[in-house]
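Lettering follows sequence order; numbering is per chain, from 1.
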Amino acid sequence: MKGVAEFDLAMRSADARRGWRARRFDLAALPWLRPFIESRWPLFVTRSLALAGLVFTILAGLLGPRVGSHNFAIILVWIAWWTALKLVFIPLGGRSWCSVCPLPMPGEWLQQGNLLGGLQKPHGLGLRWPKKLRGAWLQSGAFLLIGLFSAVTLTDGRVTAWVLLALILASVGLSLVFERRAFCRYVCPIGGFTGPYARFAPVEVRVKSSSVCAAHSEKTCYQACPWGQYPLAMRDSAQCGLCMECLRACPSDNIALSLRPFGSDLGAAHQPRGLDEAFLALVMLGSALAFSAVFTGPWGWLKSAAYQVGSLPWLGYSAGFLALNLLLLPGLFAAAAWLHRRLSGSPAQLGKIFAQQAQALYPLGLFTWMAFTVSFAFPKFYLVAEMLADPLGLGWELPGLAALDFGWLQQVGPGLQAAILLAGLAISLRLARQLAQASVTNRSPVLAALPVSLFCVVYTGWVLWMLVG
Amino acid sequence: MDAGRIAPQRERRARLFLLALLAALALVLLAAYLARPEGVLVRAAMPEQGGWLPAELKARVGEPLRLRLISEDVTHGFAVGRHDAPAVDVNPGEYREITLLFDQPGKYVYYCTRWCGLNHWRMRGTIEVVSAGQPGSDGQAAPAEPPLYLQLGIDIDAPHPAAVVPEGRPRAELTAGRISGLPEHYRSREYYLSHSPSQAWQALRQEPAAQALSDEQLWSLVAGLWQAQTRVERLEFARQQYNQNCAACHGAQGAGDGVAARQMADGAGSGPVMGMQGHGLQKPSSFADPGAMLGASPALLAGKIVRGGMGTGMPYWGPIFDDDQVMALVEYLYTFQFDYSLEVKDE
């Protein structure tokens, strides 16, 4: 197969380029861990429990108090889960949340016609996802939509419940019409988060030896992958849901679940990048900024404008939010990309450079979201203790839980936020230089990296001022 | 892909597991349902968001009515008019249980006692209490007498300027001994209810017994007559009710400058208020203005309280305060004009 041979070649040269960064530690090779990865049971049980929790959460959201701070759904989803997602699942596991996410389960079960058998004879129409809708454009749109309605979604249990229900229904509908996990790949706004930032995470699923794959013509791993990935061809982890179906399907034990250095998927300047990914990266920067301003900023008028959905002030907020995400940040970054092109002497088109350089924004975005989470969720963690002590709102006080003291979280908050933001900036700056190095011809990479670096510094300064003051 | 990977037994086990999980979830929900606290759930929200939900409750005489109150936004208060259950606060997201017992049939009004917003006073609901064992009866109590202002034919919407006003603030303590020398009818309850202080002053001016008094001394005499119609406990009760229900608009010192008044449109109040088109909201009356206050009889003031200022934003308190409570409030309002020698604690 010609295509496979090409991929093989690409992999080898990529491996050679990576040099020291190719260091990996294969978790699937650990004898005691292997059975847990090979068996479908652990993920099935975890996801089933999560699904039960999801059903409970939706009911609690609909029936519980409308006051957010006393609604189980609000506290579980927007404080407990959100914090776990931003501070643990994504930075340490990439799309690891997707491997246990209950949202697409009903749809997936219907699609595969069984609970535990994997993707064998798909039910439903099994259409391919339309070409025009591929890429991250839809997810960027979903993300912007969430931003417009965030203040209500994050404070009203009913709205949260309806959003969760809508996501489940969308995933069921899409998995019956389209093949595999079309919903997760192209629509799910959470995927819009986890996917891009999975490039930074220290976990990856890859083939061990590309020549083994080259000799294997059946591509059982591709057939088995709910995400439609061909492990040999995976250039990064953005679309890998860590479900480990490929490992189960591989007849040659050629799949590794590896620990790797942070940011391993980033900085390779010669791989093609899409404008959609760059745009999503910018939307996530813009959203982080807007969320910080609305939820943790001192501006009451902004909060109430964001909250009064449909009102004139809300329209103003929406216009500002969209202008920030669609005009200001892309405009500023386009200017940085243009300057970079001038300074580096790169012959590439501006669009390509724009997409290429946007890689530097991933650590910045991820770390900004982490810092926002610290400032947004840490002061409210006592609510999680209250919720656990009385999960059904019946006036219980389960021993030991209500007394948990999260005061120290507030103490460390500001320092931690600043540290996270500066760490993200440092990583992004290094990445920007790395990218510049790869694209300059005969000029100084330091100079060429300046525009994108400046963009990152200004953005970080902005967020620092807003979050830490 | 080898079809041999389908393992029916494993699949069965997975389905069993899922079923068990669903059953466990259903059990938890059932348990929560069975363990739910008794009582009618009443949600409180700012009037623009719906007010009390439900706003109509039913109860029977002698049977306890258990309510579970919860606020969906800000802190509200719950109290029932013409009922002696103390007011309770209803905090956001927290359930508050209260049990009411009614010994008289009738239509009771429950209302918010915390200033929750500009339309706070619109936040009311009704409890229809019927006699036990008489499901068909509408439970109306015997019709009350028409209010005094109607009996006297007073137009409470007409301006009521005082014909005369004092130079300073009349002090009742200066009248010691003089009141007993006045003709009997000045000291009657009927005279007090149906006359404004300025009318009383004008009538007294004609009295031979008061010929020797200066204008100021005469005003002190009027203040003394008005003071004689109240008691410390009544003023104390009225002060609490005033601060709780009236001060937000009329101001703690009666000057019409309460916090809510600042949010109201000036003058005729036709402008939008806080984004809402107010129902003819206008600046609240000042009880510190002698020109208006000394021209108002207790019957007139009581009428305004009972009926409310239709079209002005003044709520109607008829269903909430009984006649005696309304009159105590009226007695208290005159303290914004007169210095009484009674011991009235001030905050």
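Within the 3.5 Å criterion, the main-chain N or O of A/Asn114 finds no donor-acceptor partner in the side chain of B/Glu11.
Shown here are the ring pair (Phe, Tyr, Trp, His ring centres under 6.0 Å) partners of A/Tyr382, two or more places apart in sequence or in another chain: there are none.
Distance check: B/Leu25 CG to A/Leu54 CG gives 10.5 Å after rounding to the nearest 0.5 Å.
Most heavy-atom pairs under 4.5 Å with chain B: of the set A/Leu115, A/Leu59, A/Val45, this distinction falls to A/Leu115.
By the neighbour-count criterion of 12 heavy atoms within 6.0 Å, atom CH2 of A/Trp162 is sparsely surrounded, having that number or fewer from other residues, nucleotides or ligands. Remark: B/Arg66 CZ is packed, more than 12 non-hydrogen atoms of other residues, nucleotides or ligands lying under 6.0 Å away. Within a 6.0 Å radius of CZ in B/Arg114, no more than 12 heavy atoms belonging to other residues, nucleotides or ligands are found.
Summarising the geometry of B/Leu18 relative to A/Ser48, their closest heavy-atom pair is CD1-OG, 3.7 Å, with the distance given to 0.1 Å.
At a 4.5 Å heavy-atom cutoff, the contact between B/Arg13 and chain A is made by backbone and side-chain atoms alike. Contact annotation for A/Leu63: only backbone heavy atoms (N, CA, C, O) come within less than 4.5 Å of a heavy atom of chain B.
Exactly one of B/Arg15, B/Arg12, B/Arg10 qualifies for a side chain to side chain contact (heavy atoms under 4.5 Å, CB included) with A/Leu116. That residue is B/Arg10.
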